[in-house]
Amino acid sequence: MKTVRVRFAPSPTGSPHIGNIRTALFTWLFARRHGGVFILRIEDTDRARYVEGSVQEIMLSLRWLGLDWDEGPIFQSERLPLYRQVAEQLVQSGHAYRCYCTPERLEELRRQQEAAKQPTGYDRRCRYLSEQERAELEASGTPCVIRFAMPLEGTTVFQDAIRGELTFENALLDDFVMLKSDGFPTYHLASVTDDHTMSITHVIRGEEWISSTPRHVQMYRALGWELPVFAHLPMILGTDRKKLSKRHGSVQFVEYIQQGYLPEAMFNFLALLGWSADEDRDLYTREELVERFDLSGVLDHPAIFDGQKLLWMNGVYIRQKSIEELTQLCLPHLQEAGLLPSKPSAEQVEYAQRVIALEQERIKLLSEVVPLTEYFFRDTLDYDEKGVRKWFTQPYAPQMLEMLTVRYSRLEPFDLPNIEASTRAVAEELGVTAAQVIHPTRVAVSGRTVGPGLFEMIEVLGRERVLIRLRAAQHMVHRTQQAAATE
RNA sequence: GGCCCCAUCGUCUAGUGGUCAAGGACACCUGGUUCUCAGCCAGGAGAUCGGGGGUUCGAAUCCCCCUGGGGCUACCA
């Protein structure tokens with residue numbers, strides 16, 4: 001059996017989105033599953049739509065996901081002579097012809113067809129030019145394109161690895177442009193030519209290409225080239241069931257990277273969007289996915305992209321991380337937020353690690369580490385309003401804070417068991433439940449009503465910070481109770 | 001408008017004629033663990049398989065029609 005050779009062939013017309021990358025992922029998975037070759041090809045044949053930097057974003061996204069390519073990136077813009085030669089060959093063999101129609105005429109033609117509710121499409125005027133007309137047009141230097149001469153009747157049938165046999169009526173397919181007047185090929189010419197010259201065995205691409213495939217099939221035949229296997233992947237739709245677009249919030253793939261999704265979570269999630277092994281499970285390692293992936297498991301209906309499950313999965317993978325690795329992953333976010341300097345000391349990293357360890361099971365997105373742990377790094381706290389109202393108004397609060405201050409000052413060592421024991425002792429002395437001490441104390445040392453266990457939090461904060469915060473809380477309690485009394 | 005593709009819980013999906021009065025996961029709800037949240041554990045609700053006709057002893061699974069959604073219909077990919 002032939003070596004599998006597949007390609008991911010994006011056009012650099014903007015930042016890649018989830019759908020683009022999912023196509024890359026499936027293609028890569030297929031290549032690795034079959035010990036094949038994965039090629040990156042940049043389809044930069046549209047000079048007008050070219051967006052600077054998108055090639056970098058594509059490669060960055062691929063690398064981040066671990067989709068390594070074996071050949072490329074190959075730029076179609078550097079292979080122009082090849083496409084022209086193929087187009088010329090087709091003209092010579094009578095499968096293509098030069099068309100001198102102006103864009104204006106084409107537009108007018110389309111307008112008329114639409115008005116008459118006729119199918120739109122080129123009317124093949126230049127296909128039937130006489131030798132003399134052609135020579136005159138050529139001599140006058142009129143710009144021209146090269147169009148493919150589609151068969152006028154019959155059907156084009158091909159097998160799609162995912163959808164089975166697909167049939168198209170040739171009469172309904174017009175003579176599409178292969179080579180533009182600027183000398184650049186259109187997608188059809190470039191991709192067919194490259195897929196053949198690069199010995200691509202399986203053309204894996206989005207479903208939006210299905211209707212172009214009969215054209216490609218006809219080109220392969222006209223050229224006498226062997227057909228690859230076609231596999232059209234289902235699309236990914238937004239929550240409004242519409243094609244993914246700017247309106248759907250962060251659809252740009254790089255934004256997911258920035259927000260702190262883990263590559264392993266994204267990989268896992270994307271693999272299950274439009275493909276499924278026949279198993280009741282959702283969590284797979286990259287290796288397990290490579291072992292199982294096949295085109296036969298690819299679904300033939302579109303999937304709606306809904307980030308909830310991705311977020312959950314990300315949390316799962318975050319919880320699986322070693323604390324050292326998670327810390328390294330979180331550091332950039334903490335630095336960007338100004339909670340840590342750009343070159344943190346060993347002590348600062350060590351502290352951050354202990355903080356992150358306390359929040360690991362709550363973090364679903366790396367960037368969440370900032371709001372979740374802020375109070376560990378800042379000197380002044382933002383007190384939760386509800387928490388203050390509920391706990392700082394308790395009559396025993398002033399005395400409680402004083403007692404805690406005294407006891408915490410004397411603890412030796414200042415560690416978890418001692419902190420817990422002394423805190424519970426305070427509750428007992430005050431004649432209140434442990435919870436009645438724990439909750440106001442959490443507000444006092446963190447400003448929050450939710451967070452890690454109080455004793456762990458206090459231990460990590462350290463005696464010095466805790467005492468300062470208890471002092472600040474005493475003032476806060478005083479003010480709060482004063483205000484309540486005057487009302 | 002024309003051509004093409006598609007249609008199972010809100011979402012991702014299992015299911016290829018009988019074992020399905022449809023299974024799993026996310027989200028949601030309840031209970032347990034507990035100092036809160038999260039996590040974890042247990043349970044619950046949630047699809048008459050888009051609708052209607054067939055075929056068959058029997059259909060989510062096969063066929064037809066309708067409806068709905070999507071794609072293409074460029075000298076864009």
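A, B, ... follow the sequence lines: proteins, then strands. Residue 1 opens every chain. What's counted below: heavy atoms across the whole structure, side chains too, no hydrogens, waters or symmetry copies.
- Look at CZ on R319(A): it is 5 Å from P on C40(B), rounded to the nearest Å.
- A salt bridge links E385(A) and R389(A); the closest N-O separation between the charged side-chain nitrogens and carboxylate oxygens is under 4.0 Å.
- Residue A303(A) places its side chain closer to C12(B) than to any other of C26(B), C12(B), U11(B).
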Exercise. What string of B, S and - do you get for nucleotides 70-77 of chain B 5' to 3' if you count protein non-hydrogen atoms under 4.0 Å?
Worked result: SSSSSBBB

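- For the P atom pair drawn from C62(B) and C6(B), the interatomic distance equals 12 Å after rounding to whole Å.
- If you check U55(B) for Watson-Crick or wobble pairing at under 3.5 angstrom, you find it has no partner at all.
- N268(A) and Y317(A) share a side-chain donor-acceptor pair at under 3.5 Å.
- Under 4.0 Å is where a charged nitrogen must lie from a carboxylate oxygen, and between R424(A) and E429(A) no such pair does.
- The distance from the OG1 atom of T373(A) to the CD atom of E368(A) is 11.0 Å, given to the nearest 0.5 Å.
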Between protein and nucleic acid, restricted to nucleotides 31-35 of chain B and to nitrogen or oxygen atoms under 3.5 Å apart, what atom pairs and distances do you find?
from, atom 1, to, atom 2, distance (Å)
C35(B), O2', H439(A), ND1, 3.4
C35(B), O2', H439(A), NE2, 2.8
C35(B), O2, R442(A), NH1, 3.4
C35(B), O2, R442(A), NH2, 2.4
C35(B), N3, L454(A), N, 3.1

Seminar exercise, completed: Nucleotide by nucleotide, nucleotides 20-25 of chain B touches protein heavy atoms under 4.0 Å in the pattern (B base, S sugar-phosphate only, - none) ---BBB

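- Here the P atom of nucleotide C26(B) and the CG atom of L272(A) are 13 Å apart, to the nearest Å.
- Judged by closest nucleotide on RNA chain B, W275(A) is the one of L310(A) and W275(A) placed further toward the 5' end.
- Take the nearest nucleotide of RNA chain B for K117(A) and for V316(A): the residue whose nucleotide is more 5' is K117(A).
- C9(B) and G15(B) are spaced 16 Å apart, taking the P atom of each and rounding to whole Å.
- Here A42(B) sits opposite U30(B) as a Watson-Crick or G-U wobble pair (both hydrogen-bonding atom distances under 3.5 Å).
- Using a cut-off of 4.0 Å between Lys/Arg side-chain N and Asp/Glu carboxylate O, E107(A) and R105(A) are scored as not salt-bridged.
- Counting non-hydrogen atoms under 4.0 angstrom, G274(A) reaches the backbone sugars and phosphates but no base.
- Comparing the P positions of G31(B) and U36(B) gives an interatomic distance of 14 Å, to the nearest angstrom.
- For N170(A), the CG atom is densely surrounded, since the number of other residues' heavy atoms within 6.0 Å is greater than 12.
- Only the P atoms considered, A21(B) is 29 Å distant from A27(B), to the nearest whole Å.
- For the pair R292(A) and D278(A), the salt-bridge criterion is not met [side-chain N within less than 4.0 Å of a carboxylate O].
- We find that E114(A) and R111(A) are not joined by a salt bridge, their nearest charged nitrogen and carboxylate oxygen being 4.0 Å or further apart.
- Between E359(A) and R362(A) there is a salt bridge, since a side-chain N of the basic residue sits under 4.0 Å from a carboxylate O of the acidic one.
- One can place CZ of F230(A) at 16 Å from P of C5(B), the figure rounded to the nearest angstrom.
- One P atom belongs to U30(B), the other to C37(B), and the distance between them is 12 Å to the nearest Å.
- Base pairing of A22(B) is not made with any nucleotide, judged by Watson-Crick or G-U wobble geometry with both donor-acceptor distances under 3.5 Å.
- A salt bridge links R124(A) with D175(A); the closest basic N to acidic carboxylate O contact falls under 4.0 Å.
- Heavy atoms from other residues, nucleotides or ligands lying under 6.0 Å from CD of E279(A) number more than 12.
- Rounded to the nearest Å, the gap between the C1' atom of G46(B) and that of G23(B) is 14 Å.
- The CZ-P distance, from F168(A) to C4(B), rounds to 7 Å in whole Å.
- Summarising the geometry, the separation between CG on L358(A) and P on G39(B) is reported as 17 Å, rounded to the nearest angstrom.
- Ring planes of F230(A) and Y220(A): perpendicular class, angle over 60° (limits at 30 and 60°).
- In this structure, NZ of K386(A) is placed 14 Å from C1' of C37(B), rounded to the nearest angstrom.
- For the residue pair D306(A) and T239(A), no side-chain donor N or O sits within less than 3.5 Å of a side-chain acceptor on the partner.
- As a whole-Å value, the separation of D300(A) CG from U13(B) P is 11 Å.
- With rounding to whole Å, N268(A) atom CG is found 13 Å from C26(B) atom C1'.
- Taking atom P in both G52(B) and G39(B), one finds a spacing of 41 Å when rounded to whole Å.
- In this structure, the side chains of R127(A) and R147(A) stay at 4.5 Å or more apart for every pair of heavy atoms.
- Across all strands shown, C35(B) forms no Watson-Crick or G-U wobble pair with both distances under 3.5 Å.
- Applying the Watson-Crick and G-U wobble criteria (two distances, each under 3.5 Å), C9(B) pairs with nothing in any strand.
- A47(B) and C5(B): their C1' atoms are spaced 24 Å apart (whole Å).
- Nucleotide C3(B) forms a pair with G71(B), judged by Watson-Crick or G-U wobble geometry with both contacts under 3.5 Å.
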